[in-house]
Amino acid sequence: MLCAGRMRLGTFGILLMLVHASAACEFGPFPYSVTGIVCRMTKPAALLLNQETAQVIQAAFRHAKFPNITGERSMRLLGKVAYGLTNIQVNDLSIEQSKVELKENDAIHIAIKNVTAFFKGTLTYGYAGAWLLQLFHSVDFDIESSIDLQINIKLMCQKDQVAADASDCYLTFHKLTLHLQGDKEPGWLKQLFTDFISFTLKLVLKSEVCNEINFLAQVLANFVHDLAANFVQDKDIRLDISLASGPLIKANYLESHHKGLVLYKNYSDVFSDSVFSPSLLTESRMLYFWLSEHTLDSLALAAFLDKRLVLTIRGEKLQALFEMEESEAQRKAVQMIFQGTSYNDSVAKVWSLAHPQISLQPEGTVVKSLVAVEVSIFPPGEESLVVLYMEEEITVTVQAAYVEKKLILHPLDSRIEFKVFKCTADPSGNDPSIRNFLETMISVVGIPEVISRIEPALTSLMNSKGLHLFEIRNPEIITRKGYIIVQLDFSFPNHLLLDFLEKRL
């Protein structure tokens with residue numbers, strides 16, 4: 001989930017979030033032991049996201065604030081010539097090619113070839129002649145340039161999150177031509193400003209464009225971190241995504257490690273026995289997420305503490321549960337429990353009595369929970385009556401998939417053990433038919449009904465964080481003993497980056 005939000009920003013934002021240098025952060029001697037979440041992006045994903053780099057560079061050029069350029073020079077016969085270039089701005093820009101390279105244990109290198117940029121502005125100049133004759137003129141100008149741009153993004157960890165340093169930035173000018181508007185200006189003037197101002201202009205462009213790129217890198221890094229933090233938070237429940245260790249920057253992938261501790265009100269999570277190792281992830285897909293069993297189990301605890309594990313069933317839904325089959329046992333159980341009261345005047349409440357325990361196994365996610373079920377009827381003209389109360393320990397194995405932008409949960413098998421059973425129609429508990437029917441009903445339709453409520457709730461939560469905006473291809477959710485892996489390919493919705501740049505700049 002962490003990087004799902006991250007896919008919105010192109011090479012700068014995505015790569016900045018996924019990789020963190022440890023220069024400004026201190027980690028323990030065994031950092032992997034406190035790793036709850038891992039994100040790995042392979043080189044094919046970085047190459048795909050690099051296609052969005054052009055938009056970031058264009059924004060850097062367009063939003064750079066170029067200062068006025070002033071100076072003077074002595075000219076034979078004419079005396080001193082003073083000049084000023086003002087209102088410098090980008091008029092047009094195009095980028096031919098952009099490449100990204102992962103320099104192992106070093107930096108993210110981005111090489112942009114043949115940036116054609118057209119600038120415009122106003123040139124004001126004046127000179128004092130030998131006869132003290134002062135003349136001042138103003139003329140519009142255009143600058144045509146052809147530039148190569150190289151950026152080495154150094155990354156560091158500050159306050160447990162990423163900070164980017166893109167100051168290692170170089171502009172190489174293959175062409176810089178100054179065009180003065182109109183035909184009345186003397187030839188020496190164009191020659192003077194073409195030769196003399198070009199050097200100063202190159203320095204200004206290098207400084208301001210690189211400063212803007214560095215600024216954008218910082219803005220995108222902060223935005224991606226906030227986006228990821230928001231993705232793993234819902235009301236009072238959130239995950240601590242601060243760094244657990246320094247990054248791995250390899251030639252074929254980037255990898256970041258996060259604590260993944262659950263934060264909920266006064267509840268304090270502790271974790272020190274992670275089974276993560278880089279060898280658990282491969283390089284065949286574009287994006288990987290590794291989540292520890294502890295992280296998922298702690299989320300279940302937080303949901304329990306927040307009183308979210310409560311479900312009420314009434315009307316047609318209740319009828320579908322108790323009339324799953326036509327049999328003598330079913331008719332007897334319905335009559336004894338509901339005592340002739342309609343389903344519309346009845347309600348079933350289901351809730352967890354204790355923290356559901358999550359265990360990750362190769363077969364799937366095993367959920368073990370102590371659950372209470374209470375059925376009440378509301379006979380017309382009478383007070384409500386609790387006709388059935390049960391406590392049972394339910395263990396169910398669930399496999400998960402993400403299909404057509406929806407989370408699918410499939411229960412494989414379940415075990416039910418009654419702990420408490422109270423029924424007004426059978427206070428002595430000597431009639432096993434009701435209990436047998438209810439056990440079958442819970443297994444066949446009760447558990448699937450609960451899961452059918454969880455699926456859209458979790459899908460809606462993920463969509464509220466923007467997951468549905470991404471084209472996720474062939475996602476796989478793989479469970480192993482003690483951890484889960486989500487691996488996928490994706491395509492990038494480039495309008496999201498444009499929206500970000502328009503709002504932030």
Salt bridge (Lys or Arg N to Asp or Glu O under 4.0 Å) between R480 and E293, intermediate numbers included: CA-CA 9 Å; R480 294 288 184 262; E293 177 181 283; over 6 Å; no
Donor-acceptor pair, side chain of N222 and main chain of Q218, under 3.5 angstrom: yes
Result of checking I451, V450, T365, V396 against L409 for side-chain contact (heavy atoms from CB on, under 4.5 Å): I451
Side-chain heavy atoms of Y32 within contact of F276, under 4.5 Å: yes
Between Y253 and Y288, ring centroids under 6.0 Å: no
Heavy-atom side-chain contact between V398 and L412 under 4.5 Å: no
N/O donor-acceptor pair under 3.5 Å between D240 side chain and K259 backbone: no
Main-chain N/O of M286 paired with T42 side-chain donor or acceptor, under 3.5 Å: yes
Interatomic distance, D140 atom CG to H179 atom NE2 [nearest 0.5 angstrom]: 14.0 Å
Close side-chain approach of N252 to L102, heavy-atom, < 4.5 Å: no
Pair F271 and H294, ring centroids less than 6.0 Å apart: yes
Side-chain donor-acceptor contact under 3.5 Å, Y264 with S268: no
Candidate pair E144 and K175, rule salt bridge (Lys or Arg N to Asp or Glu O under 4.0 Å), full reasoning: CA-CA 7 Å; E144 181 182 358; K175 179 180 181 181; 2.9 Å; yes
Contact check, side chains of L309 and W351, non-hydrogen atoms, under 4.5 Å: no
Main-chain N/O of Q361 paired with T479 side-chain donor or acceptor, under 3.5 Å: yes
S274 backbone acceptor or donor facing S292 side chain under 3.5 Å: no
CD-CD distance between Q487 and E476, expressed to the nearest 0.5 angstrom: 4.5 Å
Side-chain (K250) to main-chain (E104) donor-acceptor, under 3.5 angstrom: no
Short side-chain to backbone donor-acceptor contact, K406 and A401, under 3.5 Å: no
